[in-house]
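Notes to accompany the following structure.
Being a predicted model, the structure only gives us computed values, none of them experimental. Counting starts at 1 for both ligands and their atoms, in listed order.
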Amino acid sequence: MKAIVLNGTGGPGNLILAEIPIPSIKENEVLIATKAISINPVDAAATRMPELLNYVYQIKGDEKQIVLGWDVAGVVTAAGTAVTRFKTGDEVFGMVKFPGQANGYAEYVAAPEGELVLKPRNISFNEAAGATLAALTAWQSLVTNGNVKKGDKVVITGASGGVGHYAVQIAKYFGAYVIAVASAANKDFVLSLGADEFIDYKTQSFEDHIQDADIVHDAVWSDDVHHVQRSLKAIKSGGKLLSLIVDLDEDMQQKLKAKEVAGMRVYVQANRDDLQTIADLLERGAIKTYVSATFPLEQTTKAHGLIQTKNAVGKIIVTV
Ligand SMILES: NC(=O)c1ccc[n+]([C@@H]2O[C@H](COP(=O)([O-])OP(=O)(O)OC[C@H]3O[C@@H](n4cnc5c(N)ncnc54)[C@H](OP(=O)(O)O)[C@@H]3O)[C@@H](O)[C@H]2O)c1
């Protein structure tokens with residue numbers, strides 16, 4: 001089968017089209033004929049940073065090749081002996097073996113049934129593939145950790161990106177008042193997702209305008225600790241800071257305590273119940289995946305180049 005092999009760290013130029021064997025499945029796994037794969041910042045970072053690659057791919061030292069990719073949608077072509085929920089022909093999607101060796105950039109992927117749900121019939125494979133790591137992150141940040149509720153004032157930074165565009169829709173679904181932070185070019189896009197207010201981060205500082213947020217979902221692709229400190233300024237006492245990128249160190253913990261704000265560092269986790277909820281919301285049209293660009297498998301390098309700009313809008317999808 002065709003796959004995109006990572007020929008060492010150094011950047012997206014090391015993603016090479018190759019022929020590798022179709023994976024075998026374990027008893028609790030299904031074999032998926034891949035239709036669509038979504039690309040995330042972590043994929044791009046893994047092509048550059050050996051430590052991150054080791055973590056997300058869980059390198060053991062005996063790999064024949066390294067194939068990135070965790071977010072897949074496709075059709076089940078075989079099921080292991082212990083599989084009970086899926087059969088050949090089912091259309092499924094999920095975030096597979098993250099972190100781990102999912103080998104998602106390939107024509108076939110072996111996936112545990114517990115990490116998959118059925119794709120709603122009324123959405124495309126591209127839309128389903130997008131609603132995996134990014135949608136799970138937005139859900140687990142705002143709902144699992146943030147306990148977002150009706151009337152909450154919620155600031156969402158990175159609102160036009162993969163995670164952010166789901167976060168805006170999820171917060172609105174719960175009846176929150178949403179302030180979306182993005183660049184001016186994406187103002188209409190984030191307002192079309194339901195955001196109540198827009199702040200252009202290139203000309204305004206959101207913390208100068210908002211100091212009474214119940215929740216800030218901080219998803220700016222930067223490990224600059226100052227960004228979470230700015231987020232803290234925007235939150236009222238008793239509120240919550242959800243940090244997707246920056247660890248909240250001792251200094252930050254003290255600042256949070258002084259202001260009586262709960263701070264949480266969010267790490268996305270596979271969770272079939274969460275994914276099923278996302279599938280249900282997609283099916284009902286309560287949330288949508290916005291796909292801004294698609295590339296064929298052979299052009300995965302271009303997809304990485306686009307996510308690496310840090311200005312992706314919605315989701316970038318590789319089709320198979
Ligand atoms: N902790 C976790 O488990 C977890 C999970 C998923 C993602 N993440 C992290 O979350 C971040 C966002 O992921 P993503 O998939 O949404 O990325 P993405 O699709 O690449 O989106 C990036 C977004 O960030 C915006 N942006 C860039 N610089 C900004 C700034 N200075 N202020 C405000 N917005 C800015 C861009 O908006 P404009 O184009 O409008 O500038 C763009 O929409 C990444 O760092 C990713 O690694 C963490």
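Contact annotation for Val268 and ligand 1: heavy atoms of both the backbone and the side chain come within less than 4.0 Å of the ligand. If you look at Tyr267 next to ligand 1, the close heavy atoms, those under 4.0 Å, all belong to the backbone. Contacts with ligand 1 closer than 4.0 Å are made by side-chain heavy atoms of Pro41 only, the backbone lying farther away. With a 4.0 Å cut-off on non-hydrogen atoms, Leu133 touches ligand 1 through its side chain and not its backbone. When non-hydrogen atoms are compared, ligand 1 lies under 4.0 Å from the side chain of Asn186 (C-beta onward) but not from its backbone.
The ring pair (Phe, Tyr, Trp, His ring centres under 6.0 Å) check on Phe206 picks up His227, with sequence neighbours excluded. Taking the ring pair (Phe, Tyr, Trp, His ring centres under 6.0 Å) definition, one finds that Phe198 meets it with nothing, sequence neighbours left out.
Where the criterion is an N or O separation shorter than 3.5 Å, residue side chain and backbone included, Val163 meets it with respect to ligand 1. Checked by distance only, ligand 1 and Leu244 come closer than 3.5 Å through their nitrogen or oxygen atoms.
Seen from the ring of Phe174, Lys150 does not count as a face-on cation partner, given the 6.0 Å and 45° thresholds.
Here the rule is ring-ring contact (aromatic ring centres under 6.0 Å, His included) with Phe98, and of Tyr55, Trp70, Tyr57 only Trp70 fits it.
Between Glu207 and Lys233, none of the side-chain N atoms (NZ, or NE/NH1/NH2) sits under 4.0 Å from a carboxylate O, so this pair counts as no salt bridge.
Expressed to the nearest 0.5 Å, how far CD of Gln169 lies from OG of Ser192 amounts to 8.0 Å. The distance from atom CG of Leu116 to atom CD of Glu29, rounded to the nearest 0.5 Å, is 9.5 Å.
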Practice item. Would you check, one step at a time, whether the test side chain to side chain contact (heavy atoms under 4.5 Å, CB included) holds for Leu68 with Ile4? Key: CA-CA 8 Å; Leu68 302 180; Ile4 300 293; over 6 Å; no
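Ligand 1 is approached by Arg265 to a heavy-atom distance shorter than 4.0 Å. The shortest separation from a heavy atom of Val42 to ligand 1 is not under 4.0 Å, leaving the residue out of contact. Residue contact check for ligand 1: Thr157 places no non-hydrogen atom closer than 4.0 Å to it.
Looking at His227, Lys315, Lys310, Arg230, it is Lys310 that brings a heavy atom closest to atom 27 (C) of ligand 1. Of the candidates Gly162, Ala45, Ala134, Ala159, the one placing a heavy atom closest to atom 18 (P) of ligand 1 is Gly162.
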